[in-house]
Amino acid sequence: GLWKEGILKDCKVHKSNPEMVDCCALYLLANKPDFLSDHELIQQEIEKPGYKVICYPKFHPELNYIEMYWGAAKRHARENCDYTWKGLQENVPTALNSVPLEMIRKHTRHSYQWMDVYRKGLTGQAAEYAVKKQKSHHSI
């Protein structure tokens, strides 16, 4: 009973007028409870064997230590690159293994510090200051 004759698949009306709930098929379905509670297929597949999916907020790489690890591995790959496909295939595993475990742990602690200051309600420069001043033996 949701389908109306002439309804578009997608439109831009709901972006400028949030009260408009039946402007297009995508917006109409996206706001139904069964669609809102459903997960992406990849998340469903990961959760089947009992694993959990944790999604980090977009545009906050400081919360994901894997981004810091990946950055260190890319830096090593760039510094040791001969700019050939064969060289890249040999270099990538070496680059990934070049990041010491202690550095990964350091990145993890740094991410947890950011999570902690965000949980306490700090944002912007105050959050940056708190993370910079936070040490393992004391915190702000």
request  = Evaluate the side-chain proximity of Asn91 to Cys81: yes if any heavy-atom separation is below 4.5 Å, no if none is.
outcome  =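 A side-chain contact under 4.5 Å exists here.
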message = When you compare the side chain of Cys24 with that of Lys9, does any pair of heavy atoms fall below 4.5 Å?
response =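 SC-SC contact between Lys9 and Cys24 ruled out.
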ask   = If you round to the nearest 0.5 Å, how far is CG of Asn64 from CE of Met115?
value =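 Atom-to-atom, Met115:CE and Asn64:CG are 7.5 Å apart.
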request  = Starting at CD of Glu128, measure out to CD of Glu62 and round the result to the nearest 0.5 Å.
outcome  =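 Interatomic distance, Glu128 CD to Glu62 CD, rounded to 0.5 Å: 8.5 Å.
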Identify the two heavy atoms, one from [X] and one from [Y], that lie closest to each other, and give their separation to 0.1 Å.
| X | Y | result |
| --- | --- | --- |
| Gly87 | Thr84 | N-OG1, 2.9 Å |
| Glu102 | Arg109 | OE2-NH2, 3.3 Å |
| Val53 | Gln43 | CG2-CG, 3.6 Å |
| Val117 | Ala130 | CG1-CB, 3.6 Å |
| Ser98 | Pro100 | O-CD, 3.2 Å |

ask   = Between Ile66 and Leu63, is there a shared hydrophobic cluster once you connect ILVMFWY residues whose side-chain heavy atoms come closer than 4.5 Å?
value =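 Ile66 and Leu63: separate clusters.
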message = Quick check: is Val131 connected to Leu122 through a chain of hydrophobic side chains (ILVMFWY, heavy atoms under 4.5 Å apart)?
response =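 Yes, because Leu122 and Val131 connect within a single hydrophobic cluster, where side-chain heavy atoms sit under 4.5 Å apart.
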ask   = Who pairs with Leu96 by side-chain contact (heavy atoms from CB on, under 4.5 Å), at least two apart in sequence or on another chain?
value =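 Checked Leu96 against side-chain contact (heavy atoms from CB on, under 4.5 Å); matches are Tyr69, Trp70, Ala73, Val92.
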task = Would you mind telling me which of Met103, His110, Arg105 makes a side chain to side chain contact (heavy atoms under 4.5 Å, CB included) with His107?
result =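 The side chain to side chain contact (heavy atoms under 4.5 Å, CB included) with His107 is passed solely by Met103 among Met103, His110, Arg105.
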ask   = Taking the six-membered ring for Trp, are Tyr118 and Trp114 parallel (under 30°), tilted (30 to 60°) or perpendicular (over 60°)?
value =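 Tilted: the ring planes of Tyr118 and Trp114 meet at 30° to 60°.
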ask   = Salt bridge between Lys86 and Glu90, side-chain N to carboxylate O under 4.0 Å?
value =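 Salt bridge: yes.
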inquiry  = Which residues end up grouped with Leu41 if you chain together Ile, Leu, Val, Met, Phe, Trp and Tyr wherever their side-chain heavy atoms are less than 4.5 Å apart?
reply    =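 Under the 4.5 Å side-chain rule, Leu41 groups with nothing.
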ask   = When you look at CG of Leu101, are more than 12 heavy atoms from neighbouring residues, nucleotides or ligands closer to it than 6.0 Å?
value =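 More than 12 heavy atoms, drawn from other residues, nucleotides or ligands, come within 6.0 Å of this atom.
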inquiry  = Using a 3.5 Å distance criterion without hydrogens, assess whether the side chain of Asn80 forms a donor-acceptor pair with backbone atoms of His76.
reply    =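 Yes: the side chain of Asn80 pairs with the backbone of His76.
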